[in-house]
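Have a look at the structure below before the remarks.
The structure presented is a predicted model; accordingly, all values stated were derived computationally and were not measured. As a basis for the values below, the full set of heavy atoms in this structure was taken, side chains included, without hydrogen atoms, waters or symmetry mates.
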Amino acid sequence: MRTQPDGPTAMSAAENLQEHLEAEGKLDKKVVAARVDGVVKDLHSAVPEGATEVVPIRAHEDDALAIIRHSTAHVMADAVQRLFPGTKVAFGPATDDGFYYDYDRPEGTFSEDDLAAIEAEMKKIIEEDLPFRREVMQREELKALLESMGESYKSEHLDRLEGELSVYKHGDWIDLCEGPHVPSTRFLAAFKLTHVAGAYWRGDERNPMLQRIYGTAFANPKLLKKHLKQIEEAKKRDHRKIGKELDLFTFHPWAPASPFFTARGAAIYNALIDYVRGLYGRHGYDEIITPQIFDRKLFETSGHLPSYGENMFFAATLDGLNEAAAELAKDPKEGEERTPESCKHIIDEHVRFGVKPMNCPSHCLLFGSQLKSYRELPLRYADFGRLHRYERSGVTQGMTRVRSFAQDDGHIFCTEEQLPGEIGAFIDLVFEVYRDFDFHDARIAIATRPDERLGDDAIWDKAEQALIAGVEAKGLPYEILEGEGAFYGPKVEFHLKDALGRPWQLGTVQADFTLPERFELEYVGADNDRHRPVMLHRAVLGSVERFYAVLIEHVAGKFPTWLAPEQLRIVTVASDFDAFAHEAAAELRKAGVRVTVDDSNERLGAKIRAARLMRVPYVGVVGGKEVEARGLGVRSRDENKDIGLLTLDQVRDRIVQESAPPSQRATNES
RNA sequence: GCCCAGGUAGCUCAGUGGUAGAGCACCUCCUUGGUAAGGAGGAGGUCGUGAGUUCAAUCCUCAUCCUGGGCUCCA
């Protein structure tokens, strides 16, 4: 049963797009859908009235991928319901790299073994070569159908839908769906189910937890294989894996989600910070140091306690805890009741301290500690202080989401007139830095007011406009993230991707009219009146830990010489040459080269292998020839070859030159 | 926080209801060698933690901690 619009079409007498394309001689086995005047439709669709252009979409084209994946999701759901009767389906869309379908299975969850069985069932369905059919249905009829099938999630979803309602069928299987789909299951040539995960119905944790099965699909097995291979390659770059291999950092259960940096790892960490310090010198920042733990009053004043308290750690003294215990042990006063609220109040009074999750409140205190003149503005405070945030246990991840970290944080106090200039200068700074690290695909997003926020809407309007104007002044493309801003102000975010293609926010700049208000900050203007400064929150690397992680994946552990914890490893051919090796190392160290000597009782090949596994940029071989010439047989990691005998002076000059960040090398030479 | 999967030597992992294994790394000795693994020997583990079942638990059960994959991409 199919419904068709009445009457002849403008283009041809063809019943549907498939026939139309066939008549035009454009139909072949690889055509999965068609683009009609820019709109993707499946081949069973009627040719719309007034259509002017019908372009076939073939399996290998980008537009086909989402269709193939969505159709594969349908086949998976069919297979699941064949194998596990009683299972209900929820959403099953195509995604950026595959598809998923959410299920509510009464018997519980799916295992990896189930996936293999489902895949086998899917293959059967594909071989059955079942055509996908679209049907437009009336709401009541459709509602009754979904109810009769027991598909309560679909039925609920139906109530939210407007406009034309359609279902798709292949074989006996039917799904509330807009389409489009491939013509038949036979077109699904390459797929793989990848993993199972829990997911809340409609993404809301108050709703029931469903079982989500993820998979991916491609136009052909070759492309699927390539994709799976890419994932394998990306896993090799995972910063957690490389961090272990290169002995950079580690974790301990007694400090969950809080990295420990080894000597090697800390060397890189400090190199990052030193690099930013170098920039600060040239960009007019003043580095300051502020406390770690504050009286709660600070966070009450800043608004962190009500708006950010869930993410904070609190601190108490033993005295404070004992006092709280004594207080709680007393009988409640006449007419008072002991409730969780009253107990909490007692605890709050004695757990007096909060550990800072951000630097901004303390920077406000410092700004306010002395009367400021307009002549001092813009005042740019920089702070590498450690921050602690209580991230929920399920969301922490390697070094990209941690509970203890530092930012290359800074707050600029300026006049409203100075705001555009400061935003522009900061954007320039961010791109200068990303170039030094060889990041080229930074994306800009502007995050606007969240639901929970401080300050009135007029202030938010002003702040959002200031940021948008700043980005637009640079002529840069950006997208708007509605409601994603910080509670005190909107943000410009700079996103980079990790090895697995996951985007991370690194740099940011945020306009804030609220905190200066709350802290009653003032400066004396040229008119001798008091004025309120505006505040910019900004970070280039963002969280140093997160930047470090993304950098590891970006360079696959091959840190450039200027960041490498070990720039040169001298290896001896035999123990006779150990003395010269140590002498050479000592001399290079005087010039600041980070050099070690491997004088172990191993063969040369093994020593070179060990150095390569640690991704040391240069290996210097010392044997008879080198001792005689007072040089090193240098092997370069990046050129992956022996670059010949260099004198110690040449080695020193080369490494010293590479020890500066790229943007600063030219100036060093001139 | 919730769902799923894990946790065995420093690392990567195997394994079994009768108190444990491999490779690499480490230590010692032999070897004195020329660009990705020379040889031999040795040391190293309360099998994440706590409880339960059992004659007996690393293995089964429960709890707990930690790690990992998800929980946004709207039929």
Side-chain angles (χ1 to χ4, degrees), chain A residues 66 70 73-74 77 89-102 108-112 134 137 142 146 151 153-168 174-179 181 194-214 235 238 240-241 244-245 247 250-257 310 390-398 481 484 500 571-578 600-613 619-626 633-636 640-644:
Chain A
H70 187 193
H74 274 220
V89 296
F91 287 154
T95 64
D96 286 346
D97 51 16
F99 62 87
Y100 64 79
Y101 218 118
D102 288 342
T109 59
F110 295 102
S111 68
E112 298 292 319
R134 182 172 200 261
M137 290 181 75
L142 184 48
L146 293 173
E151 293 289 0
Y153 296 97
K154 291 287 181 191
S155 176
E156 182 192 326
H157 187 64
L158 175 67
D159 297 339
R160 297 165 191 257
L161 294 175
E162 289 167 9
E164 186 181 76
L165 300 169
S166 61
V167 296
Y168 269 78
I174 186 162
D175 192 10
L176 174 66
C177 179
E178 188 177 33
H181 281 285
T194 51
H195 57 288
V196 193
Y200 297 104
W201 167 237
R202 307 194 80 88
D204 188 330
E205 62 189 37
R206 290 164 301 193
N207 287 339
M209 173 72 68
L210 305 174
Q211 295 300 309
R212 175 170 297 180
I213 300 179
Y214 280 93
K235 279 186 187 158
D238 189 312
R240 293 166 293 203
K241 182 175 157 67
K244 246 182 225 168
E245 284 170 4
D247 187 25
T250 186
F251 291 86
H252 192 280
W254 291 353
E310 280 182 14
Y390 176 67
E391 300 284 0
R392 294 205 297 175
S393 61
V395 306
T396 59
Q397 195 194 56
L481 303 176
E484 302 267 308
L500 295 165
V571 302
T572 52
V573 171
S575 54
D576 289 350
F577 313 113
D578 289 354
S600 66
N601 193 6
E602 269 300 342
R603 296 184 131 199
L604 182 62
K607 292 187 193 183
I608 296 212
R609 179 170 189 269
R612 287 189 55 90
L613 288 175
V619 176
V621 175
V622 173
K625 278 184 296 188
E626 288 79 13
V634 176
R635 192 186 166 103
S636 151
N640 192 22
K641 65 174 188 192
D642 182 358
I643 55 177

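Summarising the geometry, atom CG belonging to A:Leu604 is positioned 10.5 Å from atom CD belonging to A:Glu602; distances are rounded to the nearest 0.5 Å. Rounding to the nearest 0.5 Å places NE2 of A:His74 at 4.0 Å from CG of A:Asp175.
As rounded to the nearest Å, B:rC73 and B:rC62 have C1' atoms that lie 39 Å from one another. Comparing the P positions of B:rC30 and B:rG21 gives an interatomic distance of 30 Å, to the nearest angstrom. Here, B:rC29 and B:rA9 have their C1' atoms 23 Å apart, quoted to the whole Å. The C1' atoms of B:rU16 and B:rA56 are separated by 14 Å, rounded to the nearest whole Å. Nucleotides B:rC26 and B:rG44 have their C1' atoms positioned 9 Å apart, rounded to a whole Å. The separation of B:rG68 from B:rG52, taken at their C1' atoms, amounts to 29 Å, rounded to a whole angstrom. For the C1' atom pair drawn from B:rU72 and B:rC13, the interatomic distance equals 36 Å after rounding to whole Å. When the C1' atom is used for both B:rC47 and B:rG7, the distance is 10 Å, rounded to whole Å.
A sub-4.0 Å separation between OP1 or OP2 of B:rG70 and a side-chain N or O of A:Gln211 is absent. For B:rC74, neither phosphate oxygen OP1 nor OP2 lies less than 4.0 angstrom from any side-chain nitrogen or oxygen of A:Arg202. Taking side-chain N and O atoms only, A:Tyr100 has a distance below 4.0 Å to OP1 or OP2 of B:rC73. Of the side-chain N and O atoms in A:Tyr214, none sit less than 4.0 angstrom from OP1 or OP2 of B:rC73.
For A:Arg392, the side-chain contact (heavy atoms from CB on, under 4.5 Å) partners are A:Glu205, A:Val395, not counting sequence neighbours. Residues that satisfy the side-chain contact (heavy atoms from CB on, under 4.5 Å) test with A:Ala73, not counting sequence neighbours, are A:Phe99, A:Tyr101. Legend: residues meeting side-chain contact (heavy atoms from CB on, under 4.5 Å) with A:Arg612, ordered by chain and number and at least two apart, are A:Ile608, A:Arg635, A:Asn640. Residues passing the side-chain hydrogen bond (donor to acceptor under 3.5 Å, both in side chains) test with A:Ser600 are A:Asp598, sequence neighbours excluded.
Annotation: side chain of A:Gln397 is in contact with side chain of A:Arg240 (closest heavy-atom distance under 4.5 Å).
Closest approach to the A:Ala197 side chain among B:rC71, B:rG38, B:rG69 is made by B:rG69 (side chain taken as heavy atoms from C-beta onward). Nearest to the side chain of A:Pro256, among B:rC71, B:rG38, B:rU67, sits B:rU67. For A:Val395, taking side-chain heavy atoms from C-beta onward, the closest of the listed nucleotides B:rC71, B:rU35, B:rA36 is B:rC71. Closest to the side chain of A:Asp642, from the set B:rG1, B:rU35, B:rA37, is B:rU35.
Across all strands shown, A:Tyr168 has no heavy atoms under 4.0 Å from either base or sugar-phosphate atoms. Contacts of A:Arg212 with the nucleic acid, taken as non-hydrogen atoms under 4.0 Å apart, involve only primed sugar atoms and P, OP1 or OP2. As judged by a 4.0 angstrom heavy-atom cut-off over every strand, A:Gly398 is placed among residues touching the sugar-phosphate backbone only.
Between A:Val196 and A:Lys154, it is A:Val196 whose nearest contact on RNA chain B lies nearer the 5' terminus. Place A:Arg609 and A:Thr95 on RNA chain B by their nearest nucleotides, and A:Arg609 ends up nearer the 5' end.
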> Under a 3.5 Å cutoff on both atom distances, Watson-Crick or G-U, what's the dot-bracket for RNA chain B ([ ] crossing, | other strand)?
Replying inline: (((((((..((((....[..)))).(((((.......))))).....(((((..]....))))))))))))....

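Using bins of under 30°, 30° to 60° and over 60° for the plane-to-plane angle, the ring pair A:Trp201/A:Tyr153 lands in the perpendicular bin. In this structure, A:Phe91 and A:His157 have perpendicular ring planes: the angle between them is above 60°, well past the 30° mark.
In this structure, A:Asp642 and A:Gly633 approach most closely via the heavy-atom pair OD1-C, 4.5 Å.
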Please tabulate, one pair per line, each protein N/O and nucleotide N/O from nucleotides 8-13 of chain B that are separated by under 3.5 Å, including the distance.
residue : atom : partner  : partner atom : Å
B:rU12  : OP1  : A:Lys244 : NZ           : 3.0

